[in-house]
Amino acid sequence: AILGTSLISTYAAWSRLTDARHIFSSIQGHDVVSWTSMIAGYAANRDVENAKLHFDRMPQRDAISWTSMISGYAQAGYLQQCRSLFLASPHRDSVSYNAMSQAYVVSGNLDQARTFFEEMCSDGHHNSASWNTMIAAYAQAGHSHESMTMFRRMDLEGIPADSITVISVLDACASVAALDLGKSIHAEATDRRLLCDAGVATQLVDMYAKCGELHDARCIFDSMHERNLLTWNTMIAAYHNHGRNRRGCTGGLDHILGLFLAMVAEGYEPSDVTLLSVISSFSHAGMFEQSIHYFVSSPVDFAVAMKLDHYQCMIDLFSRLGELGYAEELIERMPVEPD
RNA sequence: GGGCUAACGCGAUACG
């Protein structure tokens, strides 16, 4: 049954709910944990209906079952249902408070999230994830300064920043090019041995690049022992964005192509984000055939589908070439809705 | 064996 529950979480993490459900049915003697894994699986995949079905049907619930369901409502943006369940829960702990907090964030009520956070602080229900929730929420909403202020406050209160804190606040630094704070966070992350986290290092690459410090970004990229898809995409986008701001500068293209070939050689599947940087860079550098080549061959060579952004790039390319007929034809025949 | 928070995506009242 323990093996079965592990399988359920694994399938759920891959969004294979049908398989998860199949394993669940084949287990004899469901316990709280296997029921809760199903709830969490549906919740993570935004299927609140099925999550609730399992929540109602299970014979007994513990704190984790309640929080999984509360979080499901939160992520799906069901603020009212989330609040009712949170208030009805016999097991309110920091994790469930944070899930409730996230419901305000997801439903766009940042001010209410803040009020709720301050109440949590005075009642002592908060933990470092509560801080991270607010820092990330402000950063995502474009309130970069508020995000950085919350970070400073967390720092002053002596709460150690973890990798999620650092990633979140660096996002804010990057969007307003707050290089000084970014550097001091870099130093703090180094002291706290967080640089071995690929997410933290990737975010530093992004921060330096967006602050215009492409060289520092590349140094961090080169020093990384473990990279992931986002690391490659971030570094490629860095050269792409840098080149876009200086007309006719094709120096970045060599880097982009080199990185692209290197990531493929290392066995990474380029994503739609990777390819947007690649075809857009070629197009803006006037290398139209290369751009078209990657647009056409990538869906064949890699597990990637061209999206609206990629079609827009091609339409722009044909239009600038004066091939308005091709551009129009592409708009009419592309498999995605034009905006 | 199960629960909260995080990073890449040109731009966004429209042109480049």
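Throughout, protein chains are lettered first and strands after them, A, B, ... in sequence-line order, and every chain is numbered starting at 1.
Following rounding to the nearest Å, Asn98(A) (CG) and C4(B) (P) show an atom-to-atom distance of 10 Å. A straight line from NE2 of His240(A) to P of G11(B) spans 10 Å, rounded to a whole angstrom. The distance from atom CD of Gln312(A) to atom P of G11(B) is 12 Å, rounded to the nearest whole Å. Across the protein-nucleic acid pair, Leu276(A) atom CG and G9(B) atom P stand 10 Å apart, rounded to whole Å. With rounding to whole Å, Asp309(A) atom CG is found 12 Å from A12(B) atom C1'. Atom CG of Asn241(A) is separated from atom C1' of G9(B) by 9 Å (rounded to the nearest Å). Atom NE2 of His242(A) is separated from atom C1' of G9(B) by 19 Å (rounded to the nearest Å). As rounded to whole Å, 19 Å separates atom P of G2(B) from atom OH of Tyr42(A).
Of all nucleotides listed (G3(B), G1(B), A6(B)), A6(B) comes nearest to the side chain of Ser168(A). Taking every side-chain heavy atom of Ser34(A) into account, G1(B) is the closest of A6(B), G3(B), G1(B).
Taking atom C1' on both nucleotides, C4(B) is separated from G9(B) by 26 Å, rounded to a whole Å. Between the C1' atoms of C10(B) and G16(B), the separation comes to 11 Å (whole Å).
The CE atom of Met154(A) sits 4.0 Å away from atom OG1 of Thr165(A), with the distance rounded to the nearest 0.5 Å. The OH atom of Tyr97(A) sits 5.5 Å away from the CZ atom of Arg92(A) when rounded to the nearest 0.5 Å.
For G9(B), the base has no donor-acceptor partner in the side chain of Asn233(A) [N/O atoms by modelled type, under 3.5 angstrom]. Contact annotation: side chain of Asp62(A) to base of G3(B), donor-acceptor pair absent below 3.5 Å. Between the base of G3(B) and the side chain of Thr67(A) there is a donor-acceptor pair shorter than 3.5 Å.
A heavy atom closer than 4.0 Å to some atom of RNA chain B occurs in Ala129(A), Asn132(A), these being the qualifying members of residues 124-132 of chain A. Residues from residues 314-339 of chain A placing a heavy atom under 4.0 Å of any atom in RNA chain B do not occur.
The shortest side-chain heavy-atom distance between Ile220(A) and Leu195(A) does not fall under the 4.5 Å cut-off. Leu276(A) has its side chain out of reach of Lys307(A): every pair of non-hydrogen atoms, C-beta onward, lies at least 4.5 Å apart. With contacts defined as side-chain heavy-atom distances shorter than 4.5 Å, the pair Leu261(A)/Met263(A) does not qualify.
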Could you pull out all donor-acceptor pairs under 3.5 Å where a side-chain atom in residues 323-335 of chain A meets a protein atom, sequence neighbours excluded?
from	atom 1	to	atom 2	distance (Å)
Glu329(A)	OE2	Arg333(A)	NH1	3.2

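For Asp123(A), the CG atom is densely surrounded, since the number of other residues' heavy atoms within 6.0 Å is greater than 12.
With no hydrogens or angles considered, no side-chain donor-acceptor pair links Ser71(A) and Ser68(A) at under 3.5 Å. For the 3.5 Å distance criterion, the side chains of Ser168(A) and Asp171(A) fail to qualify, holding no donor opposite an acceptor.
Contact check, Lys210(A) against G9(B): a side-chain N or O comes under 4.0 Å of OP1 or OP2. Contact between the side-chain N/O atoms of Gln102(A) and the OP1/OP2 oxygens of A6(B) is found at a separation under 4.0 Å.
Nucleic acid contact for Ser68(A): sugar-phosphate only, since backbone atoms but no base atoms lie under 4.0 Å from a heavy atom of the residue. Here Thr133(A) lies in heavy-atom contact (under 4.0 Å) with sugar-phosphate atoms only. Counting non-hydrogen atoms under 4.0 angstrom, Thr36(A) reaches a base of the nucleic acid. No engagement by Ser280(A) is indicated, since no non-hydrogen atom pair under 4.0 Å with the nucleic acid exists. Across all strands shown, Asp272(A) has heavy atoms under 4.0 Å from base atoms, whether or not it also approaches the sugar-phosphate. Lys307(A) comes within contact range of at least one nucleobase, with a heavy-atom separation under 4.0 Å. Ser65(A) comes within 4.0 angstrom of a nucleotide base, judged by non-hydrogen atoms across all strands.
For the ring pair (Phe, Tyr, Trp, His ring centres under 6.0 Å) with Tyr294(A), the lone residue among Phe282(A), Phe288(A), Phe302(A) that qualifies is Phe282(A).
Seen from the ring of Trp35(A), Arg57(A) does not count as a face-on cation partner, given the 6.0 Å and 45° thresholds.
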